[in-house]
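One structure is given below, encoded as structure tokens.
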Amino acid sequence: MGGAGLALTGDKDSAMMNPASLADVEGTDWQLFPVLIEVPFAVDTLQTGLDYNDARDGNDTAAKKAALEKFLREAGSSSYRTRMNLYPSYTRRYMHFGLLFDTLADDNFRMGGLGSNQLMEAGDTSITAGAILSGGYGFDNNSIQVGATLRPMYRVSPFENYDQRVLDVAAGKNAGSSVQNQIFGNDAAKRTAMGVAVDAGAKYWLQTYGSPADGFYSRFVKQWKPSFGVTYQDIGNTRVMTDKNLPADIKQSVSVGMAVQPSWRFVETAWALDFRNVTDEKAIWNKLHFGAEALLWKFWAIRAGVSQGYITGGMGINIPFFEMDVYVAAKEAGSYASIDEVRTIGLRLSLTL
């Protein structure tokens with residue numbers, strides 16, 4: 001849903017989005033073996049690769065050369081993000097507990113154009129193992145909700161340096177005689193650390209408070225169910241307890257959101273707008289996330305959204321003992337808007353109770 005959802009009704013994902021929403025949960029949810037895999041979905045790179053493959057079959061040498069150069073420029077100046085995540089969890093009203101194992105490779109290549117001096121930027125690349133403990137509670141007939149999440153973790157940084165440039169190699173800035181050694185270093189075991197993340201959240205469901213039951217305002221609130229949410233995540237910049245620069249701290253962030261969730265017969269819908277990471281020094285457009293979901297017959301979900309100006313979409317199936325979600329996600333590669341998208345395609349499978 002375009003990365004939006006701070007004010008939505010609570011579910012198994014509330015511990016990471018807004019723990020206050022756990023006060024909405026009804027029943028219990030066991031995620032026994034949920035596996036998530038995200039791989040790069042570089043459309044431009046794929047298209048130029050296909051164009052070069054077509055040009056190879058021709059007799060025009062100049063056309064072949066031009067197609068190859070275009071493909072190499074695109075492949076050498078793109079962003080690639082790959083993730084594998086295992087997150088078994090138990091969720092019920094007011095509480096959530098999960099165990100997390102996550103590997104993330106977030107690589108940006110800039111070997112052409114204005115970034116020709118840069119070989120690679122590793123971004124948020126990390127390996128993380130930990131637990132998620134979360135709780136939420138509601139007041140005033142559940143209209144006001146608050147919650148918190150505690151995430152103890154053990155992190156590993158595969159890269160000794162998060163970026164590498166051609167001039168760094170020439171100047172011998174980092175240890176090692178090759179680009180590989182200067183990026184990965186010699187001993188990844190030394191780049192590990194314990195850390196603790198703390199999140200806090202709040203949510204408010206709009207109420208009628210004595211308005212006439214047949215009035216427009218009361219009918220609007222009952223039908224559309226407006227809500228507003230706010231989170232303060234990674235409070236204190238999630239100090240990773242090490243005297244080294246890596247693994248890096250996780251920067252704290254404040255986000256706000258709103259949502260409406262009307263229903264008609266066999267269709268339940270959710271519409272969410274989030275303004276995320278409001279304190280970051282980034283373009284305003286990079287902070288906006290919008291998403292919509294239609295749940296048909298309570299088991300088939302169709303989703304669409306706009307994440308930092310890029311279209312996203314997906315669908316999911318939730319039947320007894322099994323869930324599946326497939327989606328295409330996107331994010332901005334830098335601080336400015338509409339510079340370069342990092343696009344991934346993801347698949348999540350889970351056995352449930």
Side-chain angles (χ1 to χ4, degrees), residues 1 3 5-6 8 10-22 25 28-39 81-92 94-106 122-136 147-159 188-189 191-201 231-242 246-253 255 276-277 314 316 318 322-327 329 331 344 346-353:
M1 289 183 57
L6 292 180
L8 293 179
D11 60 14
K12 62 183 181 297
D13 298 317
S14 295
M16 303 300 287
M17 290 294 294
N18 186 351
S21 295
L22 290 172
V25 174
T28 61
D29 188 330
W30 288 91
Q31 297 288 312
L32 300 183
F33 196 76
V35 176
L36 182 146
I37 299 174
E38 287 185 350
V39 296
R81 182 181 175 92
T82 303
R83 167 169 252 149
M84 186 170 70
N85 181 295
L86 176 64
Y87 183 37
S89 66
Y90 169 71
T91 307
R92 55 167 294 175
Y94 306 134
M95 65 169 289
H96 171 93
F97 173 74
L99 297 174
L100 174 68
F101 180 78
D102 181 88
T103 60
L104 170 64
D106 191 5
D124 297 323
T125 300
S126 62
I127 300 171
T128 304
I132 289 84
L133 309 169
S134 188
T149 296
L150 180 69
R151 290 180 282 134
M153 66 183 76
Y154 185 77
R155 303 187 75 208
V156 179
S157 175
F159 295 104
R191 298 189 296 277
T192 63
M194 292 292 296
V196 178
V198 178
D199 303 340
T231 60
Y232 186 9
Q233 295 179 299
D234 301 306
I235 296 172
N237 292 333
T238 301
R239 181 60 198 156
V240 177
M241 291 170 278
T242 175
L246 298 174
D249 295 342
I250 302 173
K251 187 178 180 181
Q252 65 188 9
S253 64
S255 303
R276 303 187 65 84
N277 305 323
N318 186 348
F322 178 73
E323 290 181 4
M324 181 185 73
D325 293 286
V326 60
Y327 58 88
K331 60 176 288 189
T344 56
L347 173 66
R348 179 183 176 276
L349 303 172
S350 179
L351 301 177
T352 66
L353 285 179

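Values below: every heavy atom of this structure, side chains too, minus hydrogens, waters and symmetry copies. Just so you know, these numbers come straight off a predicted model, no measurement behind them. By convention here, the first residue in the shown sequence is residue 1.
A donor-acceptor contact shorter than 3.5 Å links the side chain of S21 to the backbone of L8. A donor-acceptor pair under 3.5 Å links the side-chain atoms of Q233 to the main chain of M16, judged by distance alone. A donor-acceptor contact shorter than 3.5 Å is absent between the side chain of T192 and the backbone of R155. Without hydrogens or angle criteria, N237 side chain to Q252 main chain gives a donor-acceptor distance under 3.5 Å. In terms of modelled atom types and a separation under 3.5 Å, the side chain of T352 and the main chain of W30 share no donor-acceptor contact.
Within the model, atoms CD1 of I127 and CE of M84 stand 9.5 Å from one another, a figure rounded to the nearest 0.5 Å. The line from CG of L150 to OG of S134 is 9.5 Å long, rounded to the nearest 0.5 Å. Once rounded to the nearest 0.5 Å, the distance linking OG1 of T231 with CG of D199 reads 7.5 Å. Here the straight-line distance linking atom CD1 of I37 with atom CG of L86 works out to 10.5 Å at 0.5 Å rounding. Atom-to-atom distance recorded for M95:CE and L22:CG is 9.5 Å, nearest 0.5 angstrom.
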*Stepwise, does the side chain to side chain contact (heavy atoms under 4.5 Å, CB included) test hold for F97 with L133?*
CA-CA 5 Å; F97 173 74; L133 309 169; 2.9 Å; yes

Self-check item: Working for side chain to side chain donor-acceptor pair (under 3.5 Å), residues Q31 and S350
Solution: CA-CA 6 Å; Q31 297 288 312; S350 179; 2.6 Å; yes

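In terms of heavy-atom proximity, M153 sits nearest to A197 at CE-CB, 3.8 Å. Closest approach of D13 to D11, counting heavy atoms only: N-OD1, 2.9 Å. L99 approaches A131 most closely through the heavy-atom pair CD2-CB, 4.1 Å. Closest of all the heavy-atom pairs between M324 and L349 is CG-CD2, 3.4 Å. Between A15 and T149, the shortest heavy-atom distance links the atoms O-OG1, 2.9 Å. Taking each heavy atom of T91 and K12 in turn, the nearest pair found is OG1-CA, 3.7 Å.
In this structure, the side chains of P152 and M194 stay at 4.5 Å or more apart for every pair of heavy atoms. Within the 4.5 Å cutoff, the side chain of S14 has no heavy atoms near those of the P19 side chain. Contact of the N85 side chain with the E38 side chain is not registered, since no non-hydrogen atoms from C-beta on lie closer than 4.5 Å. Proximity of I132 to S89: side-chain heavy atoms (C-beta onward) are nowhere separated by under 4.5 Å.
Each of T238, T128, D234 was compared with R151 under the side-chain hydrogen bond (donor to acceptor under 3.5 Å, both in side chains) criterion, and only D234 meets it.
Within a 6.0 Å radius of CZ in F33, no more than 12 heavy atoms belonging to other residues, nucleotides or ligands are found.
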